[in-house]
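Below: the structure, in structure tokens.
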Protein chains: 2
Amino acid sequence: MPKLRRVTLTDVARRAGVSVTTASYILNGRSAQMRISKDTDIKVREAMRELQYQPNWSARTLRRKSTQTIGLVSDFIAGGAFSSELLTGANAAARQRDHLLVIGESQGDPELEQLLVEELLSRQVDGIVYATRTAREVEVPDRLREVRTVLLNCADARGDLPAVLPDDVQAGRTAAEILIRSGRDGTIQVVGEDPTPSATAGPQRMTGIHEAMHAAGRVLGPTVACEWDVVPAREAMLGWLATHEAPAGLICLNDRVALGTYQALQQHGYAVPHDVSVVSFDGSEAAAWLQPEVTSLRLPLLEMGERAIDLLLGGGRVKDMLRLPLTVHQGGSVA
Amino acid sequence: MPKLRRVTLTDVARRAGVSVTTASYILNGRSAQMRISKDTDIKVREAMRELQYQPNWSARTLRRKSTQTIGLVSDFIAGGAFSSELLTGANAAARQRDHLLVIGESQGDPELEQLLVEELLSRQVDGIVYATRTAREVEVPDRLREVRTVLLNCADARGDLPAVLPDDVQAGRTAAEILIRSGRDGTIQVVGEDPTPSATAGPQRMTGIHEAMHAAGRVLGPTVACEWDVVPAREAMLGWLATHEAPAGLICLNDRVALGTYQALQQHGYAVPHDVSVVSFDGSEAAAWLQPEVTSLRLPLLEMGERAIDLLLGGGRVKDMLRLPLTVHQGGSVA
DNA sequence: GTACTGTGCTGATTCGATTCAGCATGTGGT
DNA sequence: ACCACATGCTGAATCGAATCAGCACAGTAC
């Protein structure tokens, strides 16, 4: 296989019998503006096709200063299918605007994060999306304040950078309302409140829950605290049930907590939804695995990814903060 | 905010009182080879630091012809946390070799896939990793045969391209052996065989299972067929148990199938592992959610991602086909 | 015939780093 | 005093496209 020299614009120009300048104008669709005749335009385009010309991307960006590339830095890109859905959304939106995504994963290491940001910037990405696996407040590397940046699934501690987040307060309200409206009168309790939350999802969902309860003139039962995962939730719930009756309604602060809760309820012989109604958050795959499927408030992850890119490229103004609603994913877990 | 001109190598050189050439040599760590004095070296490095110099990446690659960038095309990057772990591995390995990953997700659309490949190539990526969510044989876009390409989690139908895959045959063998060695004598059955597999994982795991059974002089019981997901597995298994006793050992072809199987067993009052021993494949998060945790053969996804990059950059030869072993993730599901 | 306007194109420079070929200077040998 | 050789550095060309300033020519206006 003879390693041919790449075809350059000069080759195209020579072949079409015009100057490189002319070829360049045509390449960039400025023929009208530059008063290039129809004939020449066609000739050059043909030459490009014949030679299979591909513009050299480095040369182009060296002059243009725009790389048609967006950097995405995240703490974890693999995280229970979560952040990868953010990625999918962002990627699709980027493509629609003729951009590609370059990704960096910091594994939660601030030093690596700093390094990745520098590296992305040195590649002159057109902007950076700074994403986190779990919704929280973040202190971003200073450099990000000097360039186009949008936060995804997190908020700037200083409140300066535009951000896209799920509307967890609203979701909390909705979750509680679902149970309230189900008509049962018994106690409603929450499973999963974290005593020392670094994430914002928990507290915000709690706020919403309290609001809805208050509005309905009802009082929330005691909360069962645990880490947001299956095993901790199961154990916490088993602990609770060892000394208490199950309440009429349970709000699990995410789907993994719901999974553990289901297991505990089952061990104690309670049936969902007959004995206990359950609602949950996230709307992950796991929600559909339960029997009966748990009614869960689905995070609009795909859409969040998309909107972040839109903000970034569409000129989101500083301090824009987009809160996207969670949607109800109906299961059979509410009586 | 005064928009300052970017710091270039010329600025650094001027500040250090040397030529751009010298600065460039130092930047590229060739001081020794180029006989640059210790003093000068230090002076220039200091200037770089003081000015916060960042090499312009486009300019650099324009000359060097290497973009230090790898393209990754995948059908689905978000897929049950799976492929995103491949991504994490690939990303980490790329970083270690001073490369970044540009990603493209085709959503399974061959036309989009073609387009993405072209786009990545026009950006002169140093190579392309072609990944799939589920292990299978693929027909790749022709252009990939002309450039450095490594397949990840899939195999070239023509057998020409280097590939990294899980060793599912070996895993099948191991899974069966675990049950055989557990000492129980009853029947062993498989759950999840797909009648029309597009993926290779199923058939290969079956091959391994048959091999091990045969070697042990035992015969596999009838297979319960179903799609590889929780609900289909649950229903298939419920169907089976409606008319049969549960076997002594069950091999679930993946963790989601195991989840559904557990549910069915439980409904029929069988206890794991007391009545039935269960082994499974994938070693996903879901395996750890079961009670008791299911013993599962873990896909080395992270490592696969890493090895793909290593092959790509380290000069994997055509026809290299790396089969990485699955490791046993011990649960409590085997008596 | 001169002035003016519009049309269609091009030469030369630029972006920022890499790299080849070479130029001073010093040092040692004879 | 002359050559050989090492040391330490630099000027200028180069990568491929984008772009500014301007040139030649044709047509119209007076």
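Naming convention: chains lettered A, B, ... in sequence-line order (proteins, then strands); numbering from 1 in each chain.
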From [atom1] of [X] over to [atom2] of [N], roughly how many Å is that when rounded to an integer?
| X | N | atom1 | atom2 | result |
| --- | --- | --- | --- | --- |
| Leu27(A) | dC9(C) | CG | P | 17 Å |
| Arg64(A) | dG16(D) | CZ | P | 17 Å |
| Gln33(B) | dT18(C) | CD | P | 14 Å |
| Met48(A) | dG16(D) | CE | P | 16 Å |
| Arg30(A) | dA18(D) | CZ | C1' | 8 Å |
| Gln68(A) | dA17(D) | CD | C1' | 15 Å |
| Arg6(B) | dC15(C) | CZ | C1' | 12 Å |
| Ile26(A) | dA17(D) | CD1 | P | 14 Å |

Do [X] and [Y] pair up side chain to side chain, a donor and an acceptor below 3.5 Å, judged on atom types alone?
| X | Y | value |
| --- | --- | --- |
| Thr61(A) | Gln124(A) | no |
| Asp126(A) | Ser66(A) | yes |
| Arg123(B) | Thr69(A) | yes |

*From the list dG16(D), dA18(D), dA17(C), which nucleotide is the closest neighbour of the side chain of Tyr53(B)?*
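From the listed options, dA17(C) comes nearest.
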*Can you tell me how far the CD1 atom of Ile103(A) sits from the CG atom of Leu100(B), to the nearest 0.5 Å?*
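Here the interatomic distance stands at 9.0 Å.
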*Can you give one letter per nucleotide of nucleotides 9-14 of chain D, 5' to 3': B if a protein heavy atom sits under 4.0 Å from the base, S if only from the sugar-phosphate, - if neither?*
BBBBBB
[X] with [Y]: basic N within carboxylate O range, under 4.0 Å:
| X | Y | result |
| --- | --- | --- |
| Arg158(A) | Asp142(A) | yes |
| Arg97(A) | Asp310(A) | yes |
| Glu119(A) | Arg95(B) | yes |

*asked:* Report for the helix from dG1(C)-dC30(D) to dT30(C)-dA1(D): angle between first-end and last-end helix axes, five pairs each, rounded to 10 degrees.
replied: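 Answer for the end axes of this duplex: 60°.
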*Have a look at Leu62(B) and say if it touches a base, only the backbone sugar-phosphate, or nothing, with a 4.0 Å heavy-atom cut-off.*
base
*State whether the number of non-hydrogen atoms from other residues, nucleotides or ligands found under 6.0 Å of Glu139(B) atom CD is greater than 12.*
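Result for CD/Glu139(B): enclosed.
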*Does the side chain of Asn56(B) get closer than 4.0 angstrom to OP1 or OP2 of dC15(C) through an N or O atom?*
no
*Report the residue (Asn28(A) or Lys65(B)) whose heavy-atom-nearest nucleotide on DNA chain D is the more 5′ of the two.*
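Its nearest nucleotide being more 5', the pick is Lys65(B).
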*With a distance cut-off below 6.0 Å to the six-membered ring centre and an angular limit of 45° from the axis, does Arg133(B) pair with Phe76(B) as a cation-pi contact?*
yes
